[in-house]
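Notes follow the structure.
Just follow the structure's listing: the first ligand is 1, and inside any ligand the first atom is 1. Note that the coordinates shown come from a computational prediction; the quantities given were computed from them, not determined experimentally.
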Amino acid sequence: MSSCFWLGIESSCDDTACAVLEERNDSIKILSNCLYSQIDEHKAWGGVVPELASRAHLEKIVPVLEQALEEAKIKIEDINKIAYTKSPGLMGSLLVGISFAKGLAKDLGIECYEINHLEGHVCSALIHSPLSITHSPLIALIVSGGHTELVLIKPGFEYVSVGRTRDDAAGEAFDKSGKILGLGYPAGVEISRLARNGNRNFYEFPRALKDDSFEFSFSGFKTAVSRYVQVKGEEFVKEHIADICASLQEAIVDILSLKTVNAAKKMGVDTVLLCGGVSANYRLRELLDERCKAAGLRLIYPELSLCTDNGAMIAAAGILVTRVFF
Ligand code: KG4
Ligand code: ZN
């Protein structure tokens, strides 16, 4: 097979992302993976403002595409296929990427494929080890700022939801707790950075729904953090910030990893796939790895640069999913 060059476009939330991937036989090579992060646009508001996000996508999508082509050392005419995020996400943001992808594909006279954002996250873990997903089922834990879900993936990318959060996503639990602790937005990375020097047994934050179900609940978590801060006072929090971050991180990753391993055992699969922005968390990787090993399960996850939203995961989903369906 000669090379096929894929352009991946992601604009579902607050990252404007384009990537070029080369597909050749069974291998997938990332030639470029470029991104404009809108964090500075939204920081002052403490969260993503949808109207600002779509405007920023409009402004940045062409420069990000140009950068992705330049880094990949190819011209736009060399692109053979386009994959873009169709949903879920912020409607205004998605529309920028969708319209751009469709217009570009029409102009170039090439095929374009709509991709589910969560399927993109799943495929981010398969880029460098496209294990024959078509042959054995696996359990995926998709953990991001908007989603927390356990999914059974059957051969041929057939998805069966096993359980999900009843309220907040795990990423939201990190971000909202961080906001209460005065750590800015989004706080997931900062919490995990501070937690590295902290004692995870400093305080036992509540683990909701620690039972046999595969549902999660994180909405009470921010209330618990907020109450803790009120009771202990700002000075104490400042002084023990590393220990507090390590403790709250432990509460979140404990419940995530416990339920994931239980789901894998119940479904009788031998592989667990971890993906989504929160999969960048070192302690989640470590604890899940420990528990998977103890249960005789194989664990796969994306490399760090592919955990949070990016264009490469969307192009990878285009490559892997079209192999099955087209
Ligand atoms: O997948 P993603 O980029 O966007 C969504 O699809 O939501 O995930 C973003 C989320 C944010 O909540 C962010 O705080 C969280 O992933 N995150 C982390 C870490 N890196 C990103 N949470 C915990 N630890 C991290 N190292
Ligand atoms: Zn995402």
Side-chain angles (χ1 to χ4, degrees), residues 8-17 19 33 35-39 42-43 46-48 50 53 57 84-90 93-94 97 115-125 140-149 151 164-165 167-181 183-196 198 200 216 218 221-222 225 245-257 273-288 301-314 316-317:
I9 298 175
E10 155 62 34
S11 71
S12 65
C13 190
D14 59 344
D15 292 310
T16 316
N33 194 16
L35 178 138
Y36 173 78
S37 164
Q38 303 176 4
I39 281 181
H42 303 287
K43 223 172 204 157
V48 178
H57 284 305
Y84 62 92
T85 305
K86 189 195 171 219
S87 64
L90 300 172
S93 292
L94 286 165
I115 300 296
N116 178 291
H117 181 78
L118 302 180
E119 192 159 47
H121 276 303
V122 167
C123 291
S124 70
L141 172 66
I142 306 171
V143 261
S144 69
H147 295 87
T148 294
E149 186 161 3
V151 182
R164 58 168 67 133
T165 180
D167 37 60
D168 288 355
E172 265 181 292
F174 273 105
D175 296 339
K176 288 178 177 170
S177 304
K179 200 171 173 183
I180 295 164
L181 296 170
L183 297 179
Y185 177 88
V189 182
E190 184 62 358
I191 287 177
S192 69
R193 190 186 67 80
L194 291 164
R196 280 186 185 271
R200 54 180 177 258
F216 302 92
F218 292 107
F221 198 75
K222 55 181 184 292
V225 175
C245 285
S247 300
L248 72 85
Q249 171 178 272
E250 194 66 13
I252 298 172
V253 307
D254 177 31
I255 205 82
L256 289 173
S257 52
L273 185 153
L274 170 67
C275 66
V278 182
S279 70
N281 186 279
Y282 76 95
R283 181 61 187 151
L284 175 58
R285 289 168 175 239
E286 189 177 75
L287 190 60
L288 188 55
Y301 43 66
E303 63 181 56
L304 274 181
S305 63
L306 298 174
C307 290
T308 44
D309 294 349
N310 64 85
M313 71 185 200
I314 301 302

| Under 3.5 Å, N or O to N or O, is Asn281 touching ligand 1 that way? |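 Yes.
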| field | Gly277 N/O to ligand 1 N/O under 3.5 Å | value |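 Looking only at distances, the answer is yes, because the N/O contact criterion of under 3.5 Å is met.
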Top protein contact for [atom], by heavy-atom distance:
| atom | value |
| --- | --- |
| atom 15 (C) of ligand 1 | Val278 CG2, 4.0 Å |
| atom 2 (P) of ligand 1 | Asp309 OD1, 3.3 Å |
| atom 22 (N) of ligand 1 | Gly188 CA, 3.5 Å |
| atom 26 (N) of ligand 1 | Ser192 OG, 3.2 Å |
| atom 14 (O) of ligand 1 | Asp175 OD1, 2.7 Å |

Heavy-atom contacts with [X] under 4.0 Å: which atoms of ligand 1 show up? List them by number with element.
| X | value |
| --- | --- |
| Gly146 | 7 (O) |
| His121 | 1 (O), 6 (O) |
| Thr308 | 3 (O), 21 (C) |

Can you name the nearest heavy-atom pair linking [X] to [Y], along with the distance?
| X | Y | value |
| --- | --- | --- |
| Met313 | Ser124 | CB-CB, 3.7 Å |
| Lys222 | Asp168 | NZ-OD2, 3.0 Å |
| Val48 | Ala53 | CG1-CB, 4.2 Å |
| Gly97 | Tyr84 | O-CB, 4.5 Å |
| Ser93 | Ser11 | O-OG, 2.8 Å |
| Phe221 | Ala251 | CE1-CB, 3.7 Å |

| query | Below 4.0 Å from any atom of ligand 1, is there a heavy atom belonging to Arg193? | reply |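 In this structure, Arg193 fails to qualify as a contact of ligand 1 - no heavy atom is under 4.0 Å.
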| query | Between the side chain of Asp14 and the main-chain N/O of Ser37, is any donor-acceptor distance below 3.5 Å? | reply |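 No; zero donor-acceptor contacts below 3.5 Å.
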| Of all N, O or S atoms in Asp309, which has the smallest distance to the Zn ion (ligand 2)? |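 For Asp309, the N/O/S atom sitting closest to the Zn ion (ligand 2) is OD1.
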| query | Under a 4.0 Å heavy-atom limit, does His147 contact ligand 1 with its side chain, its backbone, both, or neither? | reply |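 Within the 4.0 Å criterion, His147 makes no contact with ligand 1.
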| At a non-hydrogen distance cut-off of under 4.0 Å, which region of His117 contacts ligand 1 (side chain, backbone, both, or neither)? |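 Just the side chain.
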| request: Using a cut-off of 6.0 Å, state whether more than 12 heavy atoms not belonging to Arg285 lie near its atom CZ. | output: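 Counting neighbours around CZ of Arg285, more than 12 heavy atoms of other residues, nucleotides or ligands fall under 6.0 Å, so yes.
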| said: Could you walk me through whether Asn310 and Asp15 satisfy the side-chain contact (heavy atoms from CB on, under 4.5 Å) test, starting with their C-alpha distance in whole Å, then the side-chain angles of each, then the deciding distance to 0.1 Å, before giving a yes or no? | reply: CA-CA 8 Å; Asn310 64 85; Asp15 292 310; over 6 Å; no
| query | Any N/O/S of His147 under 2.8 Å from the Zn ion (ligand 2)? | reply |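 It does not; every qualifying atom lies at 2.8 Å or beyond.
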| query | Would you say Cys13 has an N, O or S atom lying under 2.8 Å from the Zn ion (ligand 2)? | reply |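 Short answer: no, not a single N, O or S atom is under the cut-off.
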| message | Let's go through Leu288 and Val253 carefully: what are the C-alpha distance in whole Å and the side-chain angles of both, what is the deciding distance for side-chain contact (heavy atoms from CB on, under 4.5 Å) to 0.1 Å, and is it a yes or a no? | response | CA-CA 8 Å; Leu288 188 55; Val253 307; over 6 Å; no
| said: Out of Gly145, Ser279, Gly171, Cys13, who is nearest to atom 9 (C) of ligand 1 when you count heavy atoms only? | reply: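 Heavy atom nearest to atom 9 (C) of ligand 1 belongs to Gly145.
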| message | Using the rule side chain to side chain contact (heavy atoms under 4.5 Å, CB included), only one of Leu287, Thr148, Asn281 pairs with Leu256; which is it? | response |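 The passing option is Thr148.
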